[in-house]
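Per chain, numbering begins at 1; letters A, B, ... match sequence-line order.
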Amino acid sequence: TYAYNTAISAFMNFGMYDEALSIYKQMTAERVKSNSVTFGTLINGACKLRSYVEAQHFFDEMLEMQIDVNVEVCTSLIDAYAKQGLLNEAETMFNKMKMLGCSPNVVTYTTMFHAYGMQEMWGKAYSLFQDMEDCGIEADTVAYSTLMSVLNKCGQSQIVIDLARKMRTKMVNLSEPVFYEILTACSKMRDWDLADTVIKEMESILPNLSYGLINNILRFVGKSANVEAMMKLFYKLEHSSIEPTSETYKILADNLATIGKWKENSEVFSWIDDKKKQEY
RNA sequence: ACAAGAUCACU
């Protein structure tokens, strides 16, 4: 069994689904017992390759053979349903998993928030979040960022700000995506004072920031007539070890131009020139 | 021996 599982997993890691499947067929032909690791590998692999029908098929087979299912497999399947837009199936799975002897954990709940978000159902997501807390499951930073992203998307930025306060009292780490969502909320609520405070707080994770997200933050902080906050943030970034991209400079220059700060604008262009010279 | 979730970028 170990040997077969290893082989199946190796093929799955290379995205070679057909080969993995034929190993599995050989396994059953030779009457080697498959276990939950075998099916876990097959189902997770199929989900990653977006072969959702196959994943479902393995799951049914797993139930028929009365092999124990685990939380990871259930969560994987819920995510697979959600990504196909099959919210009802996802909900059914979520309810059914308790009957199968595994209870949803924080990852499962997060997957459900995301599922509701895809259908713009922020109310469902938010009330599920409250259910989760009632069950004594603590939200982590991914759970918060997921829920916040749903709420921002549905125009509920005030709740995002409330959640941010809650994260602080519960001492949950504020990760980069969480900062992004909080700042998005500030910008939608036009709460520049709060945005300023949040940007100061971001200093603690500054060395770990990626410019993909930073560029977006600079873009909307600057766009909302808060160019000063944008520049302040940029200066702080300069002192950290991360390299701005050319997109970063473009955003700065554009935002400065919109409010007529031509002097600063041309300064940004001179930075770009300096940078080019350094490269030679 | 296998494992599940968010934001951004790339495609």
Using whole Å, what does the distance between atom P of nucleotide U7(B) and atom CZ of Phe113(A) come to?
14 Å
Going by modelled atom types, is there a donor-acceptor pair between the base of A4(B) and the side chain of Asn70(A) at under 3.5 Å?
no
Euclidean distance, atom CE of residue Met12(A) to atom C1' of C2(B) [Å, nearest integer]
10 Å
Separation of A4(B) C1' from Asp140(A) CG (nearest whole Å):
13 Å
Near RNA chain B, counting only heavy atoms under 4.0 Å, which residues of residues 163-175 of chain A show up?
none
Return the nearest nucleotide to the side chain of His114(A); candidates are A1(B), A6(B), A4(B).
A6(B)
With Lys25(A) via salt bridge (charged side-chain N to carboxylate O under 4.0 Å, His left out) - residues at least two apart:
none
Judged by atom type as modelled, is there a donor-acceptor pair below 3.5 Å linking the side chain of Asn173(A) to the main-chain atoms of Ser175(A)?
no
Respond yes when some side-chain nitrogen or oxygen of Lys83(A) is under 4.0 Å from OP1 or OP2 of A6(B), and no when none is.
yes
Determine, stepwise, if the pair Asp162(A) / Gln158(A) fulfils side-chain hydrogen bond (donor to acceptor under 3.5 Å, both in side chains).
CA-CA 6 Å; Asp162(A) 297 341; Gln158(A) 183 54 55; 3.2 Å; yes
Could you check how far CD of Glu181(A) sits from P of C8(B), rounded to whole Å?
8 Å
Atom CZ of Arg168(A) with >12 non-hydrogen neighbours under 6.0 angstrom
yes
Contact class for Ser210(A) vs. all strands (heavy atom < 4.0 Å): base, sugar-phosphate, or nothing?
nothing
Whole-Å distance between A4(B) C1' and Ile78(A) CD1?
10 Å
Which one, A1(B), G5(B), U7(B), comes nearest to the side chain of Pro177(A)?
U7(B)
Just wondering, more than 12 heavy atoms not from Lys188(A) lying within 6.0 Å of its NZ?
yes
Nucleotide N/O to protein N/O under 3.5 Å, stretch nucleotides 9-11 of chain B:
none

Would you classify Ala143(A) as touching base, sugar-phosphate or nothing, given that sugar-phosphate means primed atoms plus P, OP1 and OP2, and contacts are heavy atoms under 4.0 Å?
base
Got a donor-acceptor pair under 3.5 Å from the side chain of Thr111(A) to the base of G5(B)?
no
N/O donor-acceptor pair, side chain Ser145(A) with base A6(B), under 3.5 angstrom:
yes
Picking from A1(B), A4(B), U7(B), the nucleotide nearest the side-chain atoms of Val37(A) would be A1(B)
Heavy-atom donor-acceptor pair, Thr1(A) side chain to Lys33(A) backbone, under 3.5 Å
yes
Looking only at atom types and distance, does a side-chain atom of Glu264(A) sit under 3.5 Å from a main-chain N or O of Leu256(A), one as donor and one as acceptor?
no
hbond_proxy Asn105(A) side chain to G5(B) base (donor-acceptor, 3.5 Å cutoff)
no
Which part of the nucleic acid, if any, lies within contact of Asn215(A), taking any heavy atom under 4.0 Å across all strands shown: a base, the sugar-phosphate backbone alone, or nothing?
nothing
Whole angstroms only, please: what is the OH-C1' distance between Tyr24(A) and C2(B)?
15 Å
Can you measure Tyr180(A) atom OH to U7(B) atom P for me and round it to whole angstrom units?
10 Å
In this structure, are over 12 heavy atoms from other groups packed under 6.0 Å from Lys98(A) atom NZ?
yes
I want to verify a distance call: between A1(B), C8(B), C2(B), whose nearest atom is closest to the Leu213(A) side chain?
C8(B)
Within the 4.0 Å heavy-atom criterion, would you say Thr110(A) contacts the bases, only the backbone, or no part of the nucleic acid?
base
Is the shortest side-chain N to carboxylate O distance from Lys170(A) to Glu133(A) below 4.0 Å?
yes
Can you say whether the rings of Phe234(A) and Trp271(A) are parallel (under 30°), tilted (30 to 60°) or perpendicular (over 60°)?
parallel
According to a strict under-4.0 Å criterion, is Lys153(A) in side-chain N/O contact with OP1 or OP2 of U7(B)?
no
Roughly how many Å is it from CD1 in Ile43(A) to P in A4(B), rounded to a whole number?
13 Å
Classify the side-chain pair Asn152(A)/Thr184(A) by whether it contains a donor and acceptor separated by less than 3.5 Å.
no
